[in-house]
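Take a look at the structure below.
Not measured: the values here are computed from a predicted model. For the single chain, residues carry numbers from 1 onward in sequence order.
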Amino acid sequence: MSETLRLFADYRQLHLFDQDSEANIEEAWTNSIERVQFSAIGDAAVVVTTTNTDVLVDVETLGQPPDEDADHYDHVVEGSLHVPSGRLVVMGGTDYAPDATRFDVRPGWVRIRVSKSYLAAAEASDEHSDEDETTIERVRLQIWPGEDQPTLVLRQWPRSEAQ
């Protein structure tokens, strides 16, 4: 299944979590989150975006790991998330959780590959990046059944700001 969402990445973040999660998402903010651009704490995760505007999020639920295609993206990171209810919530940082989009996944651990593109254009356009298809940041989330494994950066995007 695949669906595209337009989400407001308020505070430069997207949230992913099990619909029954009671996690404190602030605990996902680690010293490495700006560099890695993803952090998971059990059944909740944060994806860091380049801008504080709308972003396009392509969500793909898969039955197996996807093919490697990191060369086609600016930044790619893969991590694990526990989704015991089988319902994954995907939303902007300050969206109202009861109204957020949910995706059915196999209950248990899933792997999530976050592939991001248009980062330089989005950063250069800053607060206006979501006004043009050529500058809006795109985030692809590929989700498949998996195990609890370490987070891996498959392709690092160099940010213009000091980290």
Side-chain angles (χ1 to χ4, degrees), residues 1-17 19 21 23-41 44-62 65-81 88-103 105 110-144 150-163:
M1 180 185 140
S2 180
E3 184 174 344
T4 300
L5 309 172
R6 185 179 183 112
L7 298 175
F8 179 46
D10 203 10
Y11 298 102
R12 295 181 43 241
Q13 56 189 289
L14 303 172
H15 294 173
L16 318 173
F17 54 90
Q19 75 172 0
S21 176
N24 178 354
I25 203 74
E26 291 178 15
E27 293 175 11
W29 284 90
T30 63
N31 292 336
S32 64
I33 195 169
E34 286 289 332
R35 180 182 49 77
V36 176
Q37 299 183 23
F38 176 85
S39 180
I41 52 164
V46 173
V47 174
V48 176
T49 62
T50 301
T51 59
N52 189 47
T53 61
D54 283 357
V55 297
L56 294 178
V57 181
D58 298 314
V59 181
E60 300 175 7
T61 54
L62 310 167
D67 293 334
E68 294 289 336
D69 63 356
D71 290 345
H72 300 287
Y73 292 88
D74 298 324
H75 185 87
V76 181
V77 60
E78 189 174 294
S80 296
L81 187 65
L88 177 67
V89 178
V90 178
M91 62 182 246
T94 55
D95 287 348
Y96 182 57
D99 293 341
T101 304
R102 285 155 170 71
F103 295 89
V105 298
V110 297
R111 289 294 282 175
I112 299 176
R113 184 175 298 156
V114 181
S115 304
K116 300 170 67 182
S117 56
Y118 294 95
L119 300 185
E123 185 176 63
S125 298
D126 194 28
E127 66 191 51
H128 302 289
S129 66
D130 60 352
E131 297 172 7
D132 188 323
E133 288 294 314
T134 63
T135 59
I136 192 168
E137 182 173 348
R138 291 196 76 115
V139 178
R140 182 183 67 180
L141 303 174
Q142 294 175 298
I143 305 152
W144 66 94
T151 298
L152 303 171
V153 176
L154 305 175
R155 182 176 178 99
Q156 181 70 51
W157 182 64
R159 296 186 55 83
S160 64
E161 303 169 6
Q163 296 298 308

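Proximity of H15 to L7: side-chain heavy atoms (C-beta onward) are nowhere separated by under 4.5 Å. In this structure the side chain of I112 reaches within 4.5 angstrom of the side chain of L16, judged on heavy atoms. Between L14 and V90 there is no side-chain heavy-atom pair separated by less than 4.5 Å. The side-chain heavy atoms of V114 and Q37, taken from C-beta on, include no pair separated by under 4.5 Å. Residues R35 and Q156 have side chains in contact (heavy-atom distance under 4.5 Å, counting atoms from C-beta outward). Looking at heavy atoms from C-beta onward, V89 lies in side-chain contact with R102 at the 4.5 angstrom threshold. A 4.5 Å side-chain heavy-atom check between E131 and T53 finds every atom pair outside the cut-off. Using a 4.5 Å heavy-atom cutoff, the side chains of R138 and T4 are in contact.
Counting non-hydrogen atoms of neighbouring residues, nucleotides and ligands closer than 6.0 angstrom, the CG atom of N31 reaches no more than 12 such neighbours. Around CZ of F38, the count of heavy atoms belonging to other residues, nucleotides or ligands within 6.0 Å exceeds 12.
Of the charged side-chain nitrogens involved, none lies within less than 4.0 Å of a carboxylate oxygen, so that R12 and E137 do not count as a salt-bridged pair. A salt bridge does not link R155 to E68: none of the charged side-chain nitrogens sits closer than 4.0 Å to a carboxylate oxygen.
Separating the OG1 atom in T50 from the NE2 atom in H75 is a distance of 9.0 Å, to the nearest 0.5 Å. Between atom CD1 of residue I143 and atom CG of residue L62 there is a gap of 8.0 Å, rounded to the nearest 0.5 Å. A distance of 6.0 Å separates CG in L81 from CG in L88, rounded to the nearest 0.5 Å. Between the OG1 atom of T135 and the NE2 atom of H128 there is a distance of 10.0 Å, given to the nearest 0.5 Å. Here the CZ-CG distance, from F8 to D130, works out to 8.5 Å after rounding to the nearest 0.5 Å. Interatomic distance, CH2 of W144 versus CZ of R113, reported as 4.5 Å (0.5 Å rounding).
Here the closest non-hydrogen pair linking Y73 and K116 is CB-O, 3.6 Å. Closest approach of T51 to T49, counting heavy atoms only: O-OG1, 2.8 Å. In this structure, I25 and A44 approach most closely via the heavy-atom pair CD1-CB, 3.7 Å.
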**Report entry** Steps toward side-chain contact (heavy atoms from CB on, under 4.5 Å) verdict (V48, Q13)
**Finding:** CA-CA 5 Å; V48 176; Q13 56 189 289; 5.6 Å; no
Requested in this report: Test side-chain contact (heavy atoms from CB on, under 4.5 Å) on F103 and E60 and set out the steps.
Outcome: CA-CA 9 Å; F103 295 89; E60 300 175 7; over 6 Å; no
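A donor-acceptor contact shorter than 3.5 Å is absent between the side chain of R140 and the backbone of S117. A distance-only check finds no donor-acceptor pair linking the side chain of S125 to the backbone of A122 [under 3.5 Å]. In this structure a side-chain-to-backbone donor-acceptor pair under 3.5 Å is present from D74 to Y118.
Counting only N and O atoms by type, the side chains of T94 and D10 include a donor and acceptor under 3.5 Å apart.
In this structure, the side-chain contact (heavy atoms from CB on, under 4.5 Å) partners of S39, at least two apart in sequence or on a different chain, are A28, T30, I33.
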